[in-house]
Undergrad: 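Structure incoming, see below.
None of these values were measured; they are calculated from a predicted model. A note on names: the letters A, B, ... follow the listed sequences, proteins ahead of strands, and every chain is numbered from 1.
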2 protein chains.
Amino acid sequence: MEPATTRRDYERELRQAGIRITKPRKVILQILTGSEDHPDAMAIFRRAVKIDASISLATVYRTMKLLEGLGAVHRHAFEGGPARFEHADGAHHDHLIDLDTGKVIEFHSETIERLQQQIADELGYDIEHHRLELYGRKRR
Amino acid sequence: MEPATTRRDYERELRQAGIRITKPRKVILQILTGSEDHPDAMAIFRRAVKIDASISLATVYRTMKLLEGLGAVHRHAFEGGPARFEHADGAHHDHLIDLDTGKVIEFHSETIERLQQQIADELGYDIEHHRLELYGRKRR
DNA sequence: AATGCAAATGCAAATCGTTTGCAACTGGAT
DNA sequence: ATCCAGTTGCAAACGATTTGCATTTGCATT
């Protein structure tokens, strides 16, 4: 049985934050929640234009920044490319980037999280956030 | 007693790789090996100009790319800033970035390394390299 | 020490991803 | 239906980095 994955209602959240639901924002949110990959701004823009030809790339960037600020999306600056985005639904995870395809695989290790915490502790620091990325190629 | 830390002789290495030891390269290498911080290209450039006023920023970038290719320096693209460099002497380590000062603290966890390896294994990947960065603030 | 030439340099212009100023437009509260 | 601050599209600006090109410079050769 599928667990009833309670999907976040981003439009509702934006409204509550006192932010207008405009046509471009609707479109971008729709793209974001409907994608399970990690598109960059240009990819989002290309998908958006298919739905509403009048959307501009600047608005994509502005909206991503807005959503990031609200905690609705996460921005990832993987090596050697533009920033890529992911809706912030679901639990925290790190990333393995396929160097041949650019595909992103998510993973999570509670043990690693704990060790990071412990290292920061020992150094006298509080972690604000962290970034763990593995870059590799499929074994054959 | 200090252990006799065998310092790498970069000029020698470059020469062996068939690369010319020019004045700008000498200066940049001197800066790199003499710094224990993680300067960005502009910082290296500023330090270099003090030694030889004719050096250009373009040459700093070209040299950093060259040295990176030779494995003599590591390039780090920490969040929200230009790339920062570090001479590749010494053992592998990860970084904790002080969000207040920008200072970089190095650390290493063999356990984390092993866990990363294990995760990649399970996903059927060979890790080419990885990046683990903790962003935090000094606890008070 | 003088020569030759590919490699390296400085400069300025180009590139890439992203941000911003501004005038025109539009949600949504009234 | 009206109003106006928030939002947009456009194009220009931006910061970091790279590149084309004419000029220098290592350094292997005489």
Undergrad: Please walk me through it: do B/Leu132 and B/Ile112 pass side chain to side chain contact (heavy atoms under 4.5 Å, CB included)?
TA: CA-CA 10 Å; B/Leu132 170 56; B/Ile112 290 182; 3.9 Å; yes

Undergrad: Spell out protein contact along nucleotides 24-30 of chain D as letters: B when the base is contacted, S when just the sugar-phosphate is, - when no protein heavy atom is under 4.0 Å; keep the 5' to 3' order.
TA: -BBS---

Undergrad: Would you call B/Leu115 and A/Leu115 a side-chain contact if the rule is heavy atoms closer than 4.5 Å?
TA: yes

Undergrad: Name every residue in residues 58-76 of chain A that has at least one heavy atom under 4.0 Å from any atom of DNA chain C, in order of residue number, or write none if there are no such residues.
TA: A/Ala58, A/Tyr61, A/Arg62, A/Lys65

Undergrad: Got A/Phe78 and A/Val104 here, is their nearest side-chain heavy-atom distance under 4.5 Å?
TA: yes

Undergrad: In dot-bracket form, 5' to 3', how is DNA chain D paired? Count Watson-Crick and G-U wobble pairs only if both distances fall under 3.5 Å, and write | where the partner sits on another strand.
TA: ||||||||||||||||||||||||||||||

Undergrad: Is there side-chain contact between A/Ile127 and B/Tyr135, with heavy atoms separated by less than 4.5 Å?
TA: no

Undergrad: With a 4.5 Å limit on heavy-atom distance, are the side chains of A/Leu14 and A/Glu11 in contact?
TA: no

Undergrad: Earliest and latest nucleotide of DNA chain C, 5' to 3', sitting under 4.0 Å from a non-hydrogen atom of chain B?
TA: C/dA6 to C/dC11

Undergrad: Between B/Arg139 and B/Asp98 (salt bridge meaning N to carboxylate O under 4.0 Å), is one present in this structure?
TA: no

Undergrad: Applying side chain to side chain contact (heavy atoms under 4.5 Å, CB included), run through B/Ile44 and B/Thr63 and close with a yes or a no.
TA: CA-CA 11 Å; B/Ile44 294 170; B/Thr63 303; over 6 Å; no

Undergrad: Kindly state whether the ring of B/His130 and the ring of B/His92 have centres lying under 6.0 angstrom apart.
TA: yes

Undergrad: Taking the nucleotide of DNA chain D with the closest heavy atom to each, which residue, B/Ala41 or A/Arg25, is nearer the 5' end?
TA: A/Arg25

Undergrad: Using a strict 4.0 Å threshold on nitrogen-to-oxygen distance, state whether A/Asp100 and A/Arg137 make a salt bridge.
TA: yes

Undergrad: Using a cut-off of strictly less than 4.0 Å between a heavy atom of the residue and any atom of DNA chain D, enumerate the qualifying residues of residues 45-55 of chain A by number.
TA: A/Ser54, A/Ile55

Undergrad: Has the side chain of A/Thr59 got a donor or acceptor atom that lies under 3.5 Å from a matching backbone atom of A/Ile55?
TA: no

Undergrad: Measure CG/B/Leu57 against C1'/D/dT17 and give the value in whole Å, please.
TA: 8 Å

Undergrad: Contact between B/Tyr10 and B/His87 at the side-chain level, heavy atoms closer than 4.5 Å - yes or no?
TA: yes

Undergrad: Can you tell which of B/Arg46, B/Arg47, B/Arg84 makes a side chain to side chain contact (heavy atoms under 4.5 Å, CB included) with B/Pro39?
TA: B/Arg47

Undergrad: Are A/Glu68 and A/His74 close enough that some pair of their side-chain heavy atoms sits under 4.5 Å apart?
TA: no

Undergrad: Sequence neighbours excluded, which residues qualify as salt bridge (Lys or Arg N to Asp or Glu O under 4.0 Å) partners of B/Arg131?
TA: A/Glu133, B/Glu133

Undergrad: Would you say A/Leu57 ends up clustered with A/Met64 if hydrophobic residues are merged whenever their side chains have heavy atoms under 4.5 Å apart, either directly or through other cluster members?
TA: yes

